[in-house]
Enquirer: 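Mind having a look at this structure? Questions to follow.
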Protein chains: 2
Amino acid sequence: MAKVLYLTVVEDIKKKIMDGLIKPDDMLKSESELMKEYSVSRMTLRKSLSLLSNEGYIYSVPGKGNFVRKPETDIFQFRFSDYDSLDCETDEIKLISVRVEEPDPETRFSLGMKYGEQIVILERLSFCGHKPVAFEIVISPYIPNRPVVEDKLNFANYSKALESRLAFSIRKELEITLIKAPGNIEKRLEISPGEVVFQINKKIIKKESNQTLTISKFYIKKEFYSIKAGTPEEDDSKKIF
Amino acid sequence: MAKVLYLTVVEDIKKKIMDGLIKPDDMLKSESELMKEYSVSRMTLRKSLSLLSNEGYIYSVPGKGNFVRKPETDIFQFRFSDYDSLDCETDEIKLISVRVEEPDPETRFSLGMKYGEQIVILERLSFCGHKPVAFEIVISPYIPNRPVVEDKLNFANYSKALESRLAFSIRKELEITLIKAPGNIEKRLEISPGEVVFQINKKIIKKESNQTLTISKFYIKKEFYSIKAGTPEEDDSKKIF
DNA sequence: TAGTGGTCTAGACCACTTC
DNA sequence: AAGTGGTCTAGACCACTAA
């Protein structure tokens with residue numbers, strides 16, 4: 001199949017694992033044995049083992065050997081972005097307000113801010129078929145001298161721009177719950193009292209310092225959100241070796 | 001910091017990317033230039049590039065060069081397993097029924113089965129605080145001569161065992177929606193008419209053939225499910241190089 | 001044709017585990 | 001002391017891209 005040596009080795013070992021010839025926590029043959037078995041050099045063999053390791057098939061213990069990994073199949077992946085996550089065609093996103101104010105103590109704490117520092121609050125309403133379906137609140141520390149409140153529209157893209165510049169040093173967390181809509185959300189989304197909505201809390205966190213940079217809260221009408229998730233794919237396009 | 005050559009290279013290039021010295025789709029210096037810059041051999045440098053590639057920082061185009069990748073930060077991961085995904089302590093899982101029957105046409109189609117072949121249906125109810133919170137239906141093709149209907153409890157673990165044997169050759173898909181509970185679910189979960197529940201459809205699919213092996217449907221009381229998800233972590237423990 | 005990345009080899013030295 | 005995996009080198013040949 002594969003004309004490349006290290007890939008034929010990978011495929012053969014994968015097959016042996018999938019056929020149950022070697023089971024989780026079994027030790028593979030030693031690298032020197034495998035070199036002979038496949039007639040490849042050490043580096044080539046180790047490239048194969050590296051691939052298998054990256055794909056979760058094996059792990060290695062220095063001084064001992066390489067072992068078959070217990071597979072992990074309960075992890076799922078999905079995509080969530082601020083704009084295209086609704087189960088409908090968004091025909092308008094209305095900017096409700098952008099303002100700078102004093103944070104309440106809880107927010108100040110989550111954002112790791114000092115007393116006296118202010119926050120920017122952005123509120124946005126998304127429409128499908130000319131009806132409101134999602135309300136979004138974005139909270140970030142206010143850093144003076146940025147084109148924020150002065151130009152509302154700029155700010156709408158500001159956080160995206162900022163984010164893409166920081167992209168490699170941030171991590172995001174999501175919390176999806178179903179809650180009874182608070183009064184103001186009921187009004188914004190024009191739903192009946194007591195009705196439930198999806199609440200999605202998003203945090204953008206700086207990897208190194210674990211500092212929270214931005215907090216977002218989405219409230220989505222229950223009919224307009226669902227999740228499709230799947231086992232992570234091995235993205236071979238990303239690999240060099 | 002790192003005493004290993006290839007890691008110091010990785011860290012330095014990461015830093016340059018995060019500091020914005022090289023931006024998405026910019027080309028890195030050629031490998032021979034980088035070899036000189038860091039005074040390392042070709043293979044060592046390429047190990048570094050491989051790592052950067054695996055972690056999503058760069059990609060490479062043969063004959064041209066290595067480029068900085070546009071970062072992806074809208075992908076989230078979470079865990080879902082049949083047993084520990086409820087927002088409460090499960091104190092009982094009651095096996096409601098296990099039976100073999102003729103599939104309806106839709107199910108037969110999804111499972112890629114021939115006319116005349118039968119399916120096994122398992123139904124299970126989970127309790128928290130002695131109240132029903134989740135109802136689960138698992139549907140698989142019936143393969144005669146397996147300890148299935150003959151021993152209900154065995155079957156409960158059967159699918160897990162089967163799955164772990166196949167683990168490396170399967171993939172799973174999840175679909176999470178909020179629906180009005182069907183009549184039988186209302187009864188099972190003891191909820192009021194018209195109330196919404198989470199519906200989670202799970203498919204287990206064979207990677208090679210794309211054949212669906214098992215379909216599961218979970219119905220969970222809306223108060224007892226939520227999702228915590230986050231940006232995938234680079235799992236260095238899995239790496240050999 | 002010259003430069004780029006992709007594959008592969010044969011050796012070397014190290015730290016760690018096992019006996 | 002012998003065997004294991006982890007790091008590193010210097011060179012080789014190839015396919016691809018660009019001028």
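First the proteins, then the strands, lettered A, B, ... as listed; each starts at 1. When reading the values below, keep in mind they use all heavy atoms of this one structure, side chains included, and skip hydrogens, waters and symmetry mates.
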Enquirer: In whole angstroms, how far is the P atom of C:dT17 from the CG atom of A:N66?
Expert: 15 Å
Enquirer: Output the rounded distance in Å from CG (A:L49) to P (D:dT4).
Expert: 13 Å
Enquirer: Kindly say if A:R46 contacts the phosphate of D:dG6, meaning a side-chain N or O under 4.0 Å from OP1 or OP2.
Expert: yes
Enquirer: Does a nitrogen or oxygen in the side chain of B:S30 sit under 4.0 Å from OP1 or OP2 of C:dG3?
Expert: no
Enquirer: Select one nucleotide: of C:dT9, C:dC8, C:dA12, the one nearest the side-chain heavy atoms of A:V40.
Expert: C:dT9
Enquirer: Give the C-alpha distance, both sets of side-chain angles, the deciding distance and a yes or no for salt bridge (charged side-chain N to carboxylate O under 4.0 Å, His left out) between A:E31 and A:R46.
Expert: CA-CA 8 Å; A:E31 298 188 354; A:R46 282 179 61 72; 2.8 Å; yes
Enquirer: Where the side chain of A:M43 is concerned, which of C:dG6, D:dG5, C:dT9 is the nearest nucleotide?
Expert: C:dT9
Enquirer: Could you check whether the rings of A:F67 and A:Y59 sit parallel, tilted or perpendicular, using 30° and 60° as the cut-offs?
Expert: parallel
Enquirer: For A:S39 and for B:V61, find the nucleotide of DNA chain C with the closest heavy atom, then tell me which residue's nucleotide is more 5'.
Expert: B:V61
Enquirer: For A:L52 and D:dG5, give me the distance from atom CG to atom C1', rounded to whole Å.
Expert: 15 Å
Enquirer: Donor-acceptor pair, distance only, cut-off 3.5 Å: does the side chain of B:K172 make one with the backbone of A:T73?
Expert: yes
Enquirer: Write down the distance between CZ (B:R42) and P (C:dT7), rounded to a whole number of angstrom.
Expert: 10 Å
Enquirer: Under 30°, 30 to 60°, or over 60°: which ring-plane class applies to B:F198 and B:Y225, parallel, tilted or perpendicular?
Expert: perpendicular
Enquirer: Test your reading of the model: is there a side-chain donor-acceptor pair from A:E117 to the backbone of A:K114, 3.5 Å cut-off?
Expert: yes
Enquirer: Among the candidates C:dG6, D:dT9, C:dC8, find the nucleotide nearest to the side-chain atoms of B:P62.
Expert: C:dG6
Enquirer: May I ask you to verify if any side-chain N or O of A:S32 is less than 4.0 angstrom from the OP1 or OP2 atom of D:dG3?
Expert: no
Enquirer: Can you tell which of D:dG6, D:dT9, C:dA10 lies closest to the side chain of A:S60?
Expert: D:dG6
Enquirer: Would you kindly give the CD-to-C1' distance between B:E31 and C:dG3, to the nearest whole Å?
Expert: 12 Å
Enquirer: Respond yes when some side-chain nitrogen or oxygen of B:Y6 is under 4.0 Å from OP1 or OP2 of D:dC8, and no when none is.
Expert: no
Enquirer: In whole angstroms, how far is the P atom of C:dG3 from the NZ atom of B:K29?
Expert: 18 Å
Enquirer: Start at the 5' end of DNA chain C and walk down; is the nucleotide closest to B:K64 or to A:S41 reached first?
Expert: B:K64
